There are 2 protein chains.
Amino acid sequence: MVATSESVGTTTVPTARMSADARRAQLIEIGWDLLQERPIHELALDEVAARAGISRTLLFHYFPTKADFYVAVVSAASDQLLRPPRVPDDAAPPERIRRLVEGFVRLVERNRGSYTTLVRAAGGGDQRVVDLIARTRDALVPRWLDAAGNPDVGPLAHLVVRGWLVGMEETVLSWDPLLVPREELIDHLVASFIAELGLANAAAR
Amino acid sequence: MVATSESVGTTTVPTARMSADARRAQLIEIGWDLLQERPIHELALDEVAARAGISRTLLFHYFPTKADFYVAVVSAASDQLLRPPRVPDDAAPPERIRRLVEGFVRLVERNRGSYTTLVRAAGGGDQRVVDLIARTRDALVPRWLDAAGNPDVGPLAHLVVRGWLVGMEETVLSWDPLLVPREELIDHLVASFIAELGLANAAAR
DNA sequence: ACGTTTGTTGACAGATGCTCAACAAGGCAG
DNA sequence: CTGCCTTGTTGAGCATCTGTCAACAAACGT
């Protein structure tokens with residue numbers, strides 16, 4: 001059976017010869033779409049191949065192993081989603097923190113599904129994915145410290161900010177706008193971060 | 001080949017007829033041991049059966065599906081590990097909070113491996129496991145609020161405490177005792193919780 | 001001693017990750 | 001235009017693992 005143009009699932013795919021880069025990109029996008037519906041261990045590569053209109057063999061040609069494919073997909077999504085927030089201008093520290101908080105809340109509001117998919121991936125999947133998320137979080141810490149007008153401040157502050165970021169993530173992800181007004185949430189997060197950092201610095205004497 | 005007494009791996013297993021309960025308990029314990037070495041999708045039920053000295057079929061007799069087995073294992077571990085901390089006595093709120101924090105730090109110190117296994121399970125695995133961990137966390141919130149002398153206080157406080165708990169978990173798990181003294185960590189966590197709760201209550205007017 | 005319950009197993013079916021050797025489409029030299 | 005050569009692409013097959021089925025055998029009651 002000669003491969004013809006076929007519309008499978010969401011994506012309409014002319015099954016013709018494609019450049020390697022285009023194929024990779026297409027497969028990664030399909031993978032990302034499917035990963036938002038179900039976790040990786042419930043996703044058969046058969047289905048990815050079918051949606052792309054290619055054979056499973058070709059998928060293995062681009063990604064030697066299922067784990068490799070998984071890492072590539074999560075990595076691409078992470079690049080796009082956790083793109084470092086541009087620390088805005090040179091306003092006063094409280095305002096800069098507020099901007100960061102607002103940025104994150106907006107991010108979650110717009111991509112709640114994608115974001116939860118990503119953090120879910122952080123837990124269960126490949127070790128490389130765990131490391132990826134861990135590195136991303138580590139990279140975030142100095143950015144927030146900087147926005148607070150606090151260049152490096154010792155190990156406790158690092159530790160504490162890291163924990164606070166994870167806590168904020170959890171808070172925003174389980175936030176129900178019907179129960180807590182958006183503004184109230186943001187106000188609290190800003191005040192919380194400043195208080196937390198104040199405590200950490202006081203403890204460091 | 002008649003099943004005889006055989007010592008496989010860690011557990012010495014007389015492969016004889018066992019009571020259903022004993023078998024279940026044995027299999028769950030073996031599963032937990034193995035889960036601490038590698039994530040669920042890298043664990044073949046063959047190996048569990050082999051360690052128990054039984055056939056894979058028998059395992060399926062007790063747990064209809066691999067996911068069921070997984071849930072049973074994680075659930076048992078969770079019961080044992082996340083056993084609700086006994087809120088000690090009727091000391092003043094700050095002291096009670098301190099006790100809770102110390103309890104958690106001690107828990108992580110003694111079972112770091114097990115605990116990370118558990119939270120890793122919270123992310124990647126079965127939906128039932130995710131729900132289990134979520135419920136456990138939810139159940140923790142009122143306990144901490146209570147210890148702080150704050151009976152219910154509205155949605156924001158709940159949300160904030162939930163996020164704070166997750167943040168604390170992250171903080172303690174990535175804590176390096178060589179960089180931050182134990183006492184300093186605990187002092188900060190106690191002060192942080194109190195400050196956080198104060199902010200949330202102030203916001204609720 | 002016989003039968004019923006139930007712990008236990010080997011053999012098989014279906015799905016899925018992964019390999020291998022070969023085909024075919026496009027570009028480039030002669 | 002012809003023929004080669006790179007490379008995107010595939011079908012068939014292998015190994016592993018989950019889950020099923022029918023039957024065996026050890027305890028226990030009658």
Side-chain angles (χ1 to χ4, degrees), chain A residues 1-6 8 13-28 30-31 34-35 37-73 124-129, chain B residues 1-6 8 13-28 30-31 34-35 37-73 124-129:
Chain A
M1 188 192 303
V2 175
T4 60
S5 186
E6 213 168 348
V8 187
V13 184
T15 305
R17 206 189 170 99
M18 280 174 78
S19 85
D21 285 352
R23 211 33 119 191
R24 285 185 71 95
Q26 180 207 23
L27 292 173
I28 285 179
I30 290 175
L34 289 174
L35 267 191
E37 296 174 8
R38 48 180 170 290
I40 181 64
H41 62 277
E42 286 180 18
L43 176 59
L45 293 190
D46 275 332
E47 198 171 342
V48 178
R51 276 218 192 178
I54 62 173
S55 70
R56 215 176 47 254
T57 309
L58 187 55
L59 208 161
F60 280 104
H61 174 72
Y62 288 103
F63 307 94
T65 199
K66 182 180 182 178
D68 286 323
F69 177 61
Y70 180 60
V71 171
V73 169
D126 189 282
Q127 179 60 36
R128 284 170 288 178
V129 172
Chain B
M1 189 192 305
V2 175
T4 60
S5 187
E6 212 169 350
V8 189
V13 185
T15 306
R17 206 187 168 97
M18 280 174 78
S19 84
D21 284 353
R23 228 0 139 205
R24 283 185 72 95
Q26 180 207 23
L27 292 173
I28 285 179
I30 291 175
L34 289 174
L35 267 191
E37 296 173 9
R38 47 181 170 289
I40 182 65
H41 61 277
E42 287 180 17
L43 176 59
L45 293 191
D46 275 333
E47 199 171 341
V48 178
R51 276 219 191 177
I54 61 173
S55 72
R56 213 178 51 255
T57 308
L58 186 55
L59 209 163
F60 279 104
H61 174 71
Y62 288 104
F63 306 95
T65 199
K66 182 179 182 177
D68 286 323
F69 178 61
Y70 180 61
V71 171
V73 169
D126 189 282
Q127 179 60 34
R128 283 170 288 176
V129 172

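Letters A, B, ... are given to chains in the order of the sequence lines, protein chains preceding strands, and every chain is numbered from 1. Reckoned from all heavy atoms, side chains included, excluding hydrogens, waters and symmetry mates. This structure is a prediction, so every number in the text was calculated from the model and none was measured.
Note: NE2 (His41(B)) to P (dT16(D)) measures 18 Å, nearest angstrom. Across the protein-nucleic acid pair, Met18(B) atom CE and dT8(C) atom P stand 8 Å apart, rounded to whole Å. Look at CG on Leu43(B): it is 16 Å from P on dT16(D), rounded to the nearest Å. The separation between Ile54(A) atom CD1 and dG11(D) atom P is 11 Å, rounded to whole Å. The interatomic distance linking Leu45(B) (CG) with dT20(D) (C1') rounds to 15 Å, in whole Å. Rounded to an integer number of Å, the gap from Tyr70(A) OH to dG17(C) P is 14 Å. Atom-to-atom, CD of Glu42(A) to P of dG17(C) comes out at 13 Å; the value is rounded to the nearest Å. Taking atom CZ of Phe60(B) as the reference point, atom C1' of dG7(C) lies 17 Å away to the nearest angstrom.
In this structure, Thr65(B) reaches the sugar-phosphate backbone alone: every heavy-atom distance under 4.0 Å involves primed, P, OP1 or OP2 atoms, never a base. Looking at heavy-atom distances under 4.0 Å, Tyr62(B) makes contact with sugar-phosphate atoms alone, never a base.
Of the listed nucleotides (dT9(D), dT9(C), dT18(D)), dT9(C) has the atom at the smallest distance from the side chain of Ser55(B). Comparing dT8(C), dG8(D), dC18(C) by their nearest atom to the side chain of Lys66(A) picks out dC18(C). For Asp46(B), whose side chain is taken as the heavy atoms from C-beta onward, the closest listed nucleotide among dC18(C), dG19(D), dC17(D) is dC17(D).
Side-chain contact between Tyr70(B) and Leu35(B): present, with at least one pair of heavy atoms (C-beta onward) separated by less than 4.5 Å. In this structure the side chain of Arg51(B) reaches within 4.5 angstrom of the side chain of Leu34(B), judged on heavy atoms.
Evaluation of the side-chain contact (heavy atoms from CB on, under 4.5 Å) rule for Arg24(B) yields Tyr62(B), Phe63(B) as partners, not counting sequence neighbours. Scanning for side chain to side chain donor-acceptor pair (under 3.5 Å) contacts around Gln127(A) gives Asp131(A), with sequence neighbours left out. Scanning for side chain to side chain donor-acceptor pair (under 3.5 Å) contacts around Arg128(B) gives Asp68(B), Asp126(B), with sequence neighbours left out. When the salt bridge (Lys or Arg N to Asp or Glu O under 4.0 Å) test is applied to Glu42(A), no partner is found at least two apart in sequence or on another chain. Taking the side-chain contact (heavy atoms from CB on, under 4.5 Å) definition, one finds that Phe60(B) meets it with Leu45(B), Arg56(B), sequence neighbours left out.
Two residues, His61(B) and Arg56(B), neighbour DNA chain C, and the one matched to the more 5' nucleotide by heavy-atom proximity is His61(B).
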Protein N or O to nucleotides 21-29 of chain D N or O, pairs below 3.5 Å:
none

